[in-house]
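Along the sequence shown, residues carry numbers from 1. Fair warning: this is a prediction, and the values are worked out from it, not measured in the lab. As a basis for the values below, the full set of heavy atoms in this structure was taken, side chains included, without hydrogen atoms, waters or symmetry mates.
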Amino acid sequence: MALKATICKASLQVSDMDRNYYAEHALTVARHPSETDERMMVRILAFALNAHEHLAFGKGLSDTDEPDLWQKDLTGSIEHWIEVGQPDDKRMRRACGRANRVTVYAYGNRPELWWKPLADQLERAKNLAVWRVPAAAVQSLEKLADRNMQLQCTVQEGQLYFSNAIETVQIELEELKAREGGRSKDEG
């Protein structure tokens, strides 16, 4: 018998002063049986950084044709494809061909080493941005994971604060690759 996804609920309040975006999102996150709390929280972080009324969780681990998050326009075209973790170059190239913007939030075991051999291969991907989420921040985010979460995310002058009622995690992302023609981390 196959294991089923664990359903987690999050009320996420986003105050992104850099984008002038203020909203509360009621999120239902299906955590795949093989997904860790760390990965789930990085997905929620990615949602907060790119929050938009049309941004939604994809099937991610369950379906290789869908990203972790995506934003589609009213015609169904993919505006923004978002991956977390360390996807391979083939997956990123395919995403760059299908979406207007692609953002990867790399974390885990030394993401800079994962990125180094891919950087030259993906240099011409003008719509791709790659960010490294520091290991200490990911470990702190994992402590916020629960089946029912009340979370706040504040972004101001590039500084990111992610919190619940008890703890606040300050996160500073490192840009590994900038998208050409605009802000990458937190475009609206």
Over 12 foreign heavy atoms within 6.0 Å of CZ, R110: no
Ring-face cation contact, W114 with K116, 6.0 Å cut, 45° max: no
Nearest atoms (heavy-atom pairs only) where R43 meets A30: NH2-O, 3.1 Å
Residues L12, F47; criterion side-chain contact (heavy atoms from CB on, under 4.5 Å); working and verdict: CA-CA 9 Å; L12 176 64; F47 186 98; 3.7 Å; yes
R19 side chain reached by V155 side chain, heavy atoms, under 4.5 Å: no
V29/I44 under side-chain contact (heavy atoms from CB on, under 4.5 Å): CA gap, chis, key distance, verdict: CA-CA 8 Å; V29 184; I44 294 172; 4.1 Å; yes
Non-hydrogen atoms of M40 and C8 that approach each other most closely: SD-SG, 3.7 Å
Derivation of the side-chain contact (heavy atoms from CB on, under 4.5 Å) call for L173 and Y105: CA-CA 9 Å; L173 301 177; Y105 294 96; 3.9 Å; yes
D16 side chain vs N20 backbone, donor-acceptor pair below 3.5 Å: no
Side-chain touch L122/R93, heavy atoms, less than 4.5 angstrom: yes
Listed pairs under 3.5 Å, donor-acceptor, residues 138-153 side chains, sequence neighbours left out:
| residue | atom | partner | partner atom | Å |
| --- | --- | --- | --- | --- |
| S140 | OG | A136 | O | 3.1 |
| R147 | NE | I7 | O | 3.1 |
| Q152 | OE1 | S163 | OG | 3.3 |

Closest contact, heavy atoms only, A51 versus H25: CB-NE2, 3.7 Å
pair Y22-V14: side-chain heavy atoms closer than 4.5 Å: no
Non-hydrogen side-chain atoms of R179 and T103 separated by less than 4.5 Å: yes
Closest heavy-atom pair and its distance - N109, Q86: O-NE2, 3.6 Å
Residues forming a side-chain contact (heavy atoms from CB on, under 4.5 Å) with A119, sequence neighbours excluded: W115
For Q170, side-chain contact (heavy atoms from CB on, under 4.5 Å) partners two or more places apart: Q159, Y161
N/O donor-acceptor pair under 3.5 Å between H52 side chain and H54 backbone: yes
Spacing of K72 atom NZ and L74 atom CG [to the nearest 0.5 Å]: 12.0 Å
Connected via hydrophobic side-chain network under 4.5 Å: V133 and L69: yes
Qualifying residues under salt bridge (Lys or Arg N to Asp or Glu O under 4.0 Å), relative to K90, sequence neighbours excluded: none
Spacing of CD belonging to E174 relative to CZ belonging to R132, to within rounding of 0.5 Å: 4.5 Å
Basic-acidic side-chain contact under 4.0 Å: E35, R31: no
By ring-ring contact (aromatic ring centres under 6.0 Å, His included) - contacts of Y107 (at least two apart): none
Taking every non-hydrogen atom, the tightest pair across I171 and A137: CG1-CB, 3.9 Å
Whether over 12 other heavy atoms sit under 6.0 Å from D88 CG: yes
L118 CG to L176 CG distance, which is reported to the nearest 0.5 Å: 10.5 Å
For the student: nearest non-hydrogen atoms of F57 and T28, plus distance: CD1-O, 4.1 Å
Single-linkage hydrophobic cluster L49~V84, side-chain heavy atoms < 4.5 angstrom: yes
Reported CG-to-CD1 distance for the pair N100 and I78, which is rounded to 0.5 angstrom: 9.0 Å
Point-to-point distance, once rounded to the nearest 0.5 Å, from CZ of R94 to SG of C96: 11.0 Å
From CD (E83) to CG (D68), nearest 0.5 Å: 5.0 Å
L55 and I82: CA distance, side-chain angles, deciding distance, side-chain contact (heavy atoms from CB on, under 4.5 Å) verdict: CA-CA 10 Å; L55 185 64; I82 301 169; 4.0 Å; yes
Residues forming a side-chain contact (heavy atoms from CB on, under 4.5 Å) with A95, sequence neighbours excluded: W81, V102
Cluster check V169, L27: I/L/V/M/F/W/Y, side chain < 4.5 angstrom: yes
Backbone of L128 reached by a side-chain donor or acceptor of K177 within 3.5 Å: yes
Donor + acceptor pair across side chains of N50, Y21 (<3.5 Å): no
